[in-house]
Visitor: 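First, the structure itself, so that you have it in front of you.
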Amino acid sequence: MCGIVGYFGQKNPKDVIVAGLKRLEYRGYDSAGVAILDGPLGDQHIKVVRAQGKLAELSKKLETESFSGRLGIGHTRWATHGVPSERNAHPHTVDGLSLVHNGIIENYQDIKKELASEGATFNSDTDSELVAHLLSRAVRETKDLFKAVENVLPLLRGAYAIVAMWEKQPDVLVAFKNGPPLVIGLGEKEVIVASDVQAIISYTNKVVYIDDHEIALVKGTDLKVFTTAGHLVKKETQTINWSADQVEKAGFKHFMLKEIHEQPRAVASAMAPHINLETKSVELKDLGLTTEQLKKIDRIFIVACGTSYYAAVAGKYVIEKLAHIPVETDIASEFRYRGPVIPPNTLVVTISQSGETADTLAALRLAKKLGALTLSICNVRASSIDREANGRIYMNSGPEIGVASTKAFVSTLAVLNLFGMFLGSLRGRLSAQDQSAAVENMLALPAQMESVLAYDKFFGEAAMKLKDYRGVLFMGRGVSYPIALEGALKLKELAYMHAEGYAAGEMKHGPLALIDDRMLILMVCPSDEHYEKSLSNLEEARARGGKIMSIGTGDNAALKAVSDDYLSLPDASWMVNPILAALPVQLLAYHVAEALGHDVDQPRNLAKSVTVE
Ligand code: M6R
């Protein structure tokens with residue numbers, strides 16, 4: 001996801017910003033840029049340099065540039081609104097006001113209409129430029145950047161982390177956020193604002209984390225943080241003391257936690273090769289299967305093990321709904337021995353993070369022998385399953401070190417959503433308009449994931465309650481059901497606690513007998529077509545003295561009323577909900593395991609790659 005660096009201080013802002021952006025490269029990006037003050041004191045102007053592609057392209061352009069100012073901002077962009085290009089790269093500048101943005105402004109179309117009616121002209125296709133217009137309009141009136149931000153904030157809806165500068169205030173940066181992270185490093189004679197502490201750590205280890213709905217005012221080397229209502233907030237300065245091991249883990253205590261926090265980027269990277277940003281459509285490039293082959297398919301099997309199998313179950317819901325093709329899911333160790341019946345025109349999809357899981361590989365070989373067309377979804381390129389399948393889509397998550405799979409799971413869910421959309425459109429089941437709306441929803445997803453992950457501390461507190469139960473029943477309906485399965489698996493493998501994943505409609509058929517005050521029900525219950533029914537299930541459990549933790553959409557009073565604990569997710573479409581819901585279930589399991597003192601990265605008796613039966 002986009003990276004942000006802002007700087008005020010004695011050093012050359014160009015050097016600090018580019019070095020900081022380099023540290024944020026892991027987030028993924030397709031263009032980059034800087035805006036730095038230049039000119040004699042009293043008459044300084046913003047000079048912007050941007051480039052499509054890797055940071056090396058930007059650095060090349062910057063080689064011949066010098067800046068006399070002490071203030072600047074920089075950005076690495078991962079395209080959401082508008083294709084990757086120099087004109088869409090940040091910073092966006094309007095009349096001496098420049099900003100960088102990570103996230104999505106949901107009401108950008110309304111804002112654009114309003115600005116256009118006032119005669120504004122636009123130099124990019126981004127939602128971010130519109131915020132620069134709003135701030136530029138406000139600062140003309142307020143003559144003060146901070147006040148301009150206060151005026152503009154009520155006009156913005158969505159997830160954002162923004163850092164802005166105005167050339168008339170050459171020592172001021174204003175940063176504000178709702179969702180994506182922002183952290184401010186306080187050095188000797190310098191202040192660095194960034195989307196990640198990695199960009200700061202080589203200059204100072206004193207940092208202040210900005211919370212949602214706060215506005216940070218950097219004036220010279222002084223930092224003040226206010227609420228959106230204008231009240232000064234007393235912020236704690238934290239000292240980051242990373243060991244060499246932590247540097248490898250990017251400051252996280254475990255690889256698993258790092259990988260959980262990498263998920264917005266993992267999902268963005270999984271989707272990037274397959275989305276045409278101009279047409280807002282899915283183009284499965286380098287699939288290795290022809291459109292003709294895919295058009296002929298009238299049955300799909302998805303085969304995998306463990307977490308990859310639960311992704312397969314989610315894929316069944318999505319593909320059947322979008323493409324109207326019957327989908328069967330199979331645990332690979334069952335598929336390979338049950339004598340599966342593979343009719344002609346069958347596609348067998350095998351999912352495997354490692355690409356080496358023995359049962360999944362055997363299932364793939366069997367499917368080929370039985371005449372099926374095969375497609376692999378793997379993370380590790382050139383692994384056995386990747387090589388042997390007829391076609392392939394990559395998870396593109398980057399290396400997953402923690403034995404418990406996290407980022408590979410959400411990347412697979414994203415890829416399966418795109419695959420479902422692609423098949424739906426190919427078979428005339430998904431209109432171009434519906435596809436474009438679904439693509440918009442998927443593009444908004446990484447920023448929504450960041451805003452969920454920002455509540456990690458809150459999930460950690462909820463996890464402390466979970467560990468005292470005898471067991472946990474994870475429940476869900478529809479595409480939330482595989483998230484219940486995955487939540488239970490995560491808790492088993494990390495916390496060594498007994499947990500079961502159930503389709504909520506099954507409660508009356510047995511699990512209800514388990515309910516007492518030592519068994520927790522964890523219901524994945526976003527606001528979708530199944531919501532009312534899941535709520536009724538919770539009421540039945542409640543009436544029998546059950547303890548309930550629920551995961552729902554927004555501030556849901558009815559769910560809260562029936563639950564002992566409530567975890568909220570942003571409002572999203574049915575296809576996006578399971579990816580968002582995966583985050584709290586992973587974090588709950590992580591924090592319980594951590595509190596119990598377990599080896600989170602290498603749970604007992606488990607291996608990352610299961611290459612034997
Ligand atoms: O590499 P694969 O995706 O084929 O691995 C499948 C399972 O072994 C794996 O998902 C396992 O269940 C993990 N420990 C889950 O966290």
Side-chain angles (χ1 to χ4, degrees), residues 254-260 262-263 266 270 301-315 329-336 348-365 367 374-389 392-416 474 482-497 499-501 582-583 585-590 592-593 598-613:
H254 298 101
F255 282 111
M256 182 188 171
L257 190 59
K258 171 175 170 273
E259 286 156 9
I260 288 175
E262 279 171 356
Q263 291 182 110
F301 285 74
I302 317 183
V303 185
C305 300
T307 289
S308 292
Y309 172 71
Y310 298 146
V313 179
T329 56
D330 256 287
I331 292 170
S333 54
E334 291 297 317
F335 181 88
R336 65 183 288 198
V348 173
V349 180
T350 42
I351 303 177
S352 175
Q353 187 286 132
S354 61
E356 301 295 349
T357 300
D359 285 320
T360 313
L361 181 58
L364 168 67
R365 287 176 178 161
T374 57
L375 172 77
S376 72
I377 301 178
C378 290
N379 195 32
V380 179
R381 288 175 188 237
S383 54
S384 305
I385 293 174
D386 175 32
R387 284 195 319 270
E388 293 192 26
R392 57 204 40 79
I393 310 178
Y394 291 111
M395 297 176 191
N396 258 352
S397 310
E400 190 179 67
I401 312 289
V403 165
S405 188
T406 52
K407 57 181 182 170
F409 177 64
V410 294
S411 293
T412 308
L413 296 183
V415 157
L416 285 166
F474 284 79
I483 302 306
L485 295 170
E486 172 62 0
L489 178 66
K490 282 286 152 292
L491 200 63
K492 277 183 243 195
E493 60 182 344
L494 292 159
Y496 317 150
M497 269 180 79
E500 295 289 341
L583 309 180
V585 302
Q586 293 167 345
L587 283 166
L588 287 173
Y590 168 82
V592 177
H598 297 170
D599 184 343
V600 178
D601 283 333
Q602 290 179 332
R604 68 183 180 203
N605 309 334
L606 298 179
K608 184 69 186 157
S609 184
V610 184
T611 52
V612 287
E613 269 195 72

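The figures that follow rest on heavy atoms only: side chains count, while hydrogens, waters and symmetry mates do not. Whatever order the structure lists ligands and atoms in, that order sets their numbers, starting from 1.
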Visitor: Considering the heavy atoms of Val403, write down every atom of ligand 1 situated less than 4.0 Å from one of them.
Guide: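 So the answer, numbered in order with elements, is 13 (C), 14 (N), 16 (O).
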
Visitor: Which residue, Val348, Ile393, Ile385, Ile351, forms the side chain to side chain contact (heavy atoms under 4.5 Å, CB included) with Ser376?
Guide: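 Per the side chain to side chain contact (heavy atoms under 4.5 Å, CB included) rule, the option paired with Ser376 is Ile385, out of Val348, Ile393, Ile385, Ile351.
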
Visitor: For residues 400-410, which residue pairs pass the salt bridge (charged side-chain N to carboxylate O under 4.0 Å, His left out) check, not counting sequence neighbours?
Guide: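 Residue pairs with at least one partner in residues 400-410: Glu262-Lys407, Glu400-Lys608.
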
Visitor: Below 4.0 Å from any atom of ligand 1, is there a heavy atom belonging to Leu606?
Guide: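 Per 4.0 Å heavy-atom rule, Leu606 does not contact ligand 1.
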
Visitor: State the atoms of ligand 1, each with its element, that fall below the 4.0 Å cut-off from a heavy-atom position in Ser308.
Guide: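 The list of qualifying atoms is 2 (P), 3 (O), 10 (O).
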
Visitor: For Glu356 and ligand 1, answer yes if some heavy atom of the residue is under 4.0 Å from a ligand atom, otherwise no.
Guide: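 For ligand 1, residue contact (heavy atoms, under 4.0 Å) with Glu356 is absent.
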
Visitor: Closest approach of Thr360 and Cys305, non-hydrogen atoms and distance?
Guide: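 Smallest interatomic distance, heavy atoms only, reads OG1-SG, 3.4 Å.
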
Visitor: Tell me, please, which residues at least two apart from Tyr309 pass ring-ring contact (aromatic ring centres under 6.0 Å, His included).
Guide: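 Listed in chain order: nothing, the list is empty.
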
Visitor: Using a strict 4.0 Å cut-off to heavy atoms of Ser352, name the atoms of ligand 1 that fall inside it.
Guide: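 Once the distances to Ser352 are compared, the set is 1 (O), 2 (P), 3 (O), 4 (O).
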
Visitor: Look at the rings of Phe301 and Phe335 and say which category their plane angle falls in: under 30° parallel, 30 to 60° tilted, over 60° perpendicular.
Guide: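 Rings of Phe301 and Phe335: perpendicular, as their planes differ by over 60°.
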
Visitor: May I ask you to list the atoms of ligand 1 that are less than 4.0 angstrom from any heavy atom of Thr307?
Guide: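 Ligand 1 atoms under the 4.0 Å threshold to Thr307: 10 (O), 12 (O), 15 (C), 16 (O).
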
Visitor: Between Glu493 and ligand 1, which part of the residue brings a heavy atom under 4.0 Å of the ligand: side chain, backbone, both or neither?
Guide: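 The answer is the side chain.
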
